[in-house]
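Note sheet for the following structure.
Both backbone and side-chain heavy atoms feed into the values below; hydrogens, waters and symmetry mates do not.
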Amino acid sequence: MAQRGLILAVVAGMLLAPMATPTAAQRNPLAGIWSTRIVDSYGRVQGIAYVQFGANGALYRKLFPRSVGTGGAIFQEWGIYRFVPGRSAVQVLIQRYAPHQCIWGLCEAYMPYVGRWVTSYFQPQGPNTVAFTDQGNAGPPQVFIRAARIP
């Protein structure tokens, strides 16, 4: 009888104990900073890209290109993101970018996706690696690793 009372006390204690809350990474597997190398079809590194997914839904991307023709410009994008319910996908909306491409006083987005939602499918490959496949991109998934900061 004493054993039964002890078991009931342990079970009751487990049920009444405060539940541990999941960490931000468990709720949002993309929260934090990620980086990848941009490689062309010949295997040459054309740049380094960083993306930061804020816990509040904010998004920041920065690209350091190494290719000729960019004038050494560092591309930056600011926007928001949201998860697609029931799928391993995230939708991104880029709202601001720099530098602006200006000709004769008229500035336009340098990429066609600025100002519209774009879906990226993701597959975590461990706690510090995730692969992304962008909507409309037939290429292989782009693998990102966790980074400590964005330079």
- Query: Cluster question for you: counting only ILVMFWY and a side-chain heavy-atom cut-off of under 4.5 Å, with indirect links fine, are I74 and I150 together?
  - Reply: yes

- Query: Are Y121 and L30 grouped together when hydrophobic residues (ILVMFWY) are joined by side-chain heavy atoms under 4.5 angstrom apart?
  - Reply: no

- Item | Same cluster (ILVMFWY, side-chain, under 4.5 Å), V114 and L59 | yes

- Task: State the CD-OG distance between Q46 and S41, to the nearest 0.5 angstrom.
- Result: 9.0 Å

- Would you say T36's side chain and V143's backbone share a donor-acceptor pair under 3.5 angstrom? yes

- Message: Show the nearest heavy-atom pair for residues P65 and F75, with the distance to one decimal.
- Response: CG-CE1, 3.7 Å

- Item | Taking every non-hydrogen atom, the tightest pair across F144 and A49 | CE2-O, 4.5 Å

- Message: For a quick test of reading the model, state the closest non-hydrogen atom pair linking A89 to T119 and the distance between them.
- Response: CB-CG2, 4.0 Å

- Where is the tightest heavy-atom contact between Q91 and V84, given as atom of each residue plus distance? CG-CG2, 3.7 Å

- Query: Hey, what's the ring geometry for F53 with F132, parallel, tilted or perpendicular (30° and 60° as the breaks)?
  - Reply: parallel

- Query: Counting distance only, does the side-chain N/O of K62 pair as donor-acceptor with the main-chain N or O of P151 below 3.5 Å?
  - Reply: yes

- P29 and F122, any side-chain heavy atoms less than 4.5 Å apart: yes

- Message: Closer than 3.5 angstrom, by distance alone: can the side chain of Q142 be matched with the main-chain N or O of R37 as a donor-acceptor pair?
- Response: yes

- Message: Is there a path of hydrophobic side-chain contacts, each under 4.5 Å between heavy atoms of I/L/V/M/F/W/Y residues, joining V92 to F83?
- Response: yes

- Decide side-chain contact (heavy atoms from CB on, under 4.5 Å) for L63 and I38; before the verdict, give the C-alpha distance in whole Å, the side-chain angles of both, and the deciding distance to 0.1 Å. CA-CA 9 Å; L63 171 64; I38 308 298; 4.0 Å; yes

- Query: Just wondering, do V130 and W34 contact through their side chains at under 4.5 Å, heavy atoms?
  - Reply: yes

- Residue pair I145 / T129: nearest heavy atoms and the distance that separates them: CG2-OG1, 4.2 Å

- Task: Could you tell me how the ring of Y60 sits relative to the ring of W78: parallel (under 30°), tilted (30 to 60°) or perpendicular (over 60°)?
- Result: tilted

- Heavy-atom closest pair, residues R149 and Y50: O-CE2, 3.7 Å

